[in-house]
Colleague: 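One structure, pasted below without further comment.
Just so it is clear, the model here is predicted, and its values are computed rather than measured. Below, chains carry the letters A, B, ... as their sequence lines are ordered, and counting in each starts from 1.
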There are 2 protein chains.
Amino acid sequence: MRVTIKDVSRIAGVSIKTVSRVLNKEKYVSDETRRKVEEAVAALNFSPSLAARTLAGSRSFQIALIYDNHSPYYIHAVQEGVWNRCREEGVRMLAQPVDVDSPTLALEIGGLIDETHVDGVILSSPVTDAPAALAELERRGIRFVRISPGTNHALTSSVFMDDVQAADDMTTHLINQGHKRIGFVIGHPNHMASDQRHFGYRRALDRAGIAYEPELVRPGTFDFESGMAAAEALLKLAQKPSAIFASNDDMAAGVLSYAHRVGLDVPQDLSVAGFDDTPLAQLVWPPLTTVRQPVLELAYAATDQLFCPDPAIVHQRLQHEVMVRGSTAPLRKS
Amino acid sequence: MRVTIKDVSRIAGVSIKTVSRVLNKEKYVSDETRRKVEEAVAALNFSPSLAARTLAGSRSFQIALIYDNHSPYYIHAVQEGVWNRCREEGVRMLAQPVDVDSPTLALEIGGLIDETHVDGVILSSPVTDAPAALAELERRGIRFVRISPGTNHALTSSVFMDDVQAADDMTTHLINQGHKRIGFVIGHPNHMASDQRHFGYRRALDRAGIAYEPELVRPGTFDFESGMAAAEALLKLAQKPSAIFASNDDMAAGVLSYAHRVGLDVPQDLSVAGFDDTPLAQLVWPPLTTVRQPVLELAYAATDQLFCPDPAIVHQRLQHEVMVRGSTAPLRKS
DNA sequence: GTCCAATAAGACACCGTTGTCATACCGGGG
DNA sequence: CCCCGGTATGACAACGGTGTCTTATTGGAC
């Protein structure tokens, strides 16, 4: 049978309520009593029922992580970061995949909250920018923190990196290497970050006095195939780019793959840059020059904000970093 | 405030218990009453509290997925497969990462079960073979199903693929292409599958009358770096292999990378094969010949077994497939 | 010595469901 | 006409904790 607080209280020789106090680290418990209770808990290997605590109390000791992101690396890192912080807090994490385009998104999220009574929610991009989701959470007055939202939302906390600056930095890096015709592959249209990276690319060109040429910019969907297709289009131009900057690593891998296929040497004939610094960046040849996005740290920080709301810091920015590896090189004089 | 069964019962004009009956699809409810209740549920957008159901009833409508696998692609696929089946069943999935080598593994799992009252557990490799975990689950009499266990365990269900045969098939494929000196990179020692793939490699060689040479076999840990290190060792041998078969795709990517680094052309100078058919296999150049492991299907089938235990089929095998891509080619005459 | 605030601990109702038992109605066999 | 099993529904006590209120005991300020 299940071990309950009642059993613990009997062993410790105190009331049920006192055991509850110890469990919840409340004040007004003598050291002596606390010790006895803790011993009894350890002896019986007691873990309190979350269901009962949830029902009786005002907390559920659970938070939900809601995501719809098709990059396994990204999700994996987010889950790990959130989980790391939850574990410290003794709180369970419910990982909840959703379809951000589903017409029933709000209903699903509402149902999740009603069923589980979660104490808070972490939203991962692109769910961070689904109006239906945000409205539903606000309607219910649930605390939530967003990881890398694309839009600002005055009322709620978020944790993010500066995508514009990061794309600007990478573009500037390529410019500094002498590249002037730099191709760009845009990300998936439903991620706000796609716009921002695109804008950063443009801003860097502008500052360097290089004209923005639409033919050098191709749409993509954050996946390998779209990267390959974009590379094909770019490299068939009359005036080929000497470098291609893709908005994420998967697409950069696609660019790399197409370059190999048509016999181009990377980085001698073509420099390739990615974005995200997923493990993939170091699994391809040559290893990708890319922007490190501190996903794990973002997720951890977001969860921390959920647990320890600091009214002063509502929007927290974490630093990115340009990782220079083998896929980019100075432009050869020709 | 929260919408409760009481509200529903009032609107529908029936007792609380009758609403409960409809929710649980019990018999002995008239069509008329059922309709009224369903309408009230829809009107109020009611979702029952899992905490209350868990506490009062004998089910928690939750299962746990316990894993410790550092391959994001693998975990992602497992989560998706389990979740797909859970969603059909109206059951929540608790994704629980653990450290399979932790001395407190059993305690953690026990605590998870006590706290959440999960109705069942899915174990993913390598937790499938952690004696402490299995003992704890059995001690508590919790139903569980294992995905790709390395050991047979008469008492419990499992779902798996034939790793031995798969490695045998891949090795045979290489032999059929004319390769005789085939390098092999073993997987992580704490995964039983590593042994099995190794054995399959050996069995295929044996059947083809090719001697097993220990110098052609290198240890690895399922990660990129160990694949690269193994490739270096193998390609520095006096008599180099003409093909290398790595026990997973990450290590195969490492082999590929090392080959590129030293200027070898794959597959002309060296054939490379992987295992798992993770998305990575198609993101590298050239795309990897590998064994498709039906991870999503395995996870779905495992969850299905948990929900619909079929006493007849306790150990269910799913089919693998050799995916021939660009990284292998017939041996050149030299 | 008295009074009060801070400390310490218990009694008891209650959280929102399900399990069990009781009750009432219906149609058919004896 | 009575009895019975099957059907349909409700009353009420659990489930295992927490919130609130009450009570008893301190130890210092006056």
Side-chain angles (χ1 to χ4, degrees), chain A residues 1-38 40-41 44-62 90-92 111 113-119, chain B residues 1-38 40-41 44-62 90-92 111 113-119:
Chain A
M1 279 308 300
R2 155 171 282 284
V3 177
T4 71
I5 269 205
K6 205 166 182 177
D7 303 316
V8 177
S9 70
R10 198 175 306 128
I11 302 277
V14 298
S15 76
I16 289 181
K17 180 65 208 187
T18 299
V19 176
S20 171
R21 287 204 176 89
V22 174
L23 252 40
N24 291 289
K25 305 194 199 312
E26 289 179 21
K27 291 198 308 182
Y28 305 147
V29 178
S30 71
D31 291 347
E32 168 67 6
T33 304
R34 185 179 306 276
R35 194 188 51 69
K36 278 192 300 188
V37 171
E38 278 165 354
V41 165
L44 293 175
N45 207 337
F46 169 73
S47 296
S49 158
L50 275 192
R53 302 181 90 176
T54 301
L55 197 54
S58 50
R59 311 173 49 191
S60 72
F61 302 89
Q62 292 188 312
V91 161
R92 301 248 162 237
I113 293 171
D114 282 343
E115 284 188 6
T116 63
H117 307 207
V118 283
D119 298 326
Chain B
M1 283 306 301
R2 155 171 284 281
V3 177
T4 70
I5 271 204
K6 203 164 181 177
D7 303 316
V8 177
S9 70
R10 198 174 306 129
I11 303 278
V14 297
S15 76
I16 289 179
K17 180 65 207 185
T18 299
V19 177
S20 171
R21 288 204 175 88
V22 174
L23 252 38
N24 292 289
K25 306 196 199 309
E26 288 177 23
K27 290 199 309 182
Y28 305 146
V29 178
S30 70
D31 291 347
E32 168 67 6
T33 304
R34 184 179 308 276
R35 192 188 51 70
K36 278 192 299 188
V37 171
E38 279 164 355
V41 165
L44 293 175
N45 207 337
F46 169 73
S47 296
S49 158
L50 275 191
R53 303 181 90 176
T54 301
L55 196 55
S58 51
R59 311 173 49 191
S60 72
F61 302 89
Q62 292 189 312
V91 161
R92 300 248 163 237
I113 293 171
D114 281 344
E115 284 188 6
T116 62
H117 307 208
V118 283
D119 297 327

Colleague: So how far off straight is the helix from C/dG1-D/dC30 to C/dG30-D/dC1, going by the axes through five pairs at either end, to 10°?
Modeller: 50°
Colleague: List for me each residue that meets side chain to side chain donor-acceptor pair (under 3.5 Å) alongside A/Thr18, sequence neighbours excluded, and say none if there are none.
Modeller: A/Ser15
Colleague: Going by the rule salt bridge (Lys or Arg N to Asp or Glu O under 4.0 Å), which residues pair with A/Glu38 if we only count those two or more places apart in sequence or in a different chain?
Modeller: none
Colleague: Could you pull out all residues at least two apart from B/Ala56 that satisfy side-chain contact (heavy atoms from CB on, under 4.5 Å)?
Modeller: none
Colleague: Does B/Arg21 have any salt bridge (Lys or Arg N to Asp or Glu O under 4.0 Å) partners at least two apart in sequence or in another chain, and if so, which?
Modeller: B/Glu26
Colleague: Tell me every residue that passes side-chain contact (heavy atoms from CB on, under 4.5 Å) with B/Ile113, counting only those two or more places apart in sequence or in another chain.
Modeller: B/Ile109, B/Val118, B/Leu137, B/Arg140, B/Ile142
Colleague: Indicate whether OP1 or OP2 belonging to C/dA9 is found under 4.0 Å from a side-chain N or O atom of A/Ser30.
Modeller: yes
Colleague: How does protein reach along nucleotides 12-23 of chain C, written 5' to 3' as B (base within reach of a heavy atom under 4.0 Å), S (only sugar-phosphate), or - (no contact)?
Modeller: ---BBBBBB---
Colleague: Considering only heavy atoms of chain B and a distance under 4.0 Å, specify the first and last nucleotide of DNA chain D in 5' to 3' order that meet this criterion.
Modeller: D/dT7 to D/dG16
Colleague: If a pair satisfies salt bridge (Lys or Arg N to Asp or Glu O under 4.0 Å) and one of its residues is in residues 7-16 of chain B, list it, with sequence neighbours excluded.
Modeller: B/Asp7-B/Arg10
Colleague: Considering residues at least two apart in sequence or located in another chain, which fulfil the side-chain contact (heavy atoms from CB on, under 4.5 Å) criterion with A/Ser9?
Modeller: A/Ile16, A/Val19
Colleague: Going by the rule side-chain contact (heavy atoms from CB on, under 4.5 Å), which residues pair with A/Thr54 if we only count those two or more places apart in sequence or in a different chain?
Modeller: A/Ser60, A/His117, B/Ala51
Colleague: For B/Arg92, what residues pass the salt bridge (Lys or Arg N to Asp or Glu O under 4.0 Å) criterion, not counting sequence neighbours?
Modeller: A/Glu115
Colleague: Does C/dA8 have its OP1 or OP2 closer than 4.0 Å to a side-chain nitrogen or oxygen of A/Tyr28?
Modeller: no
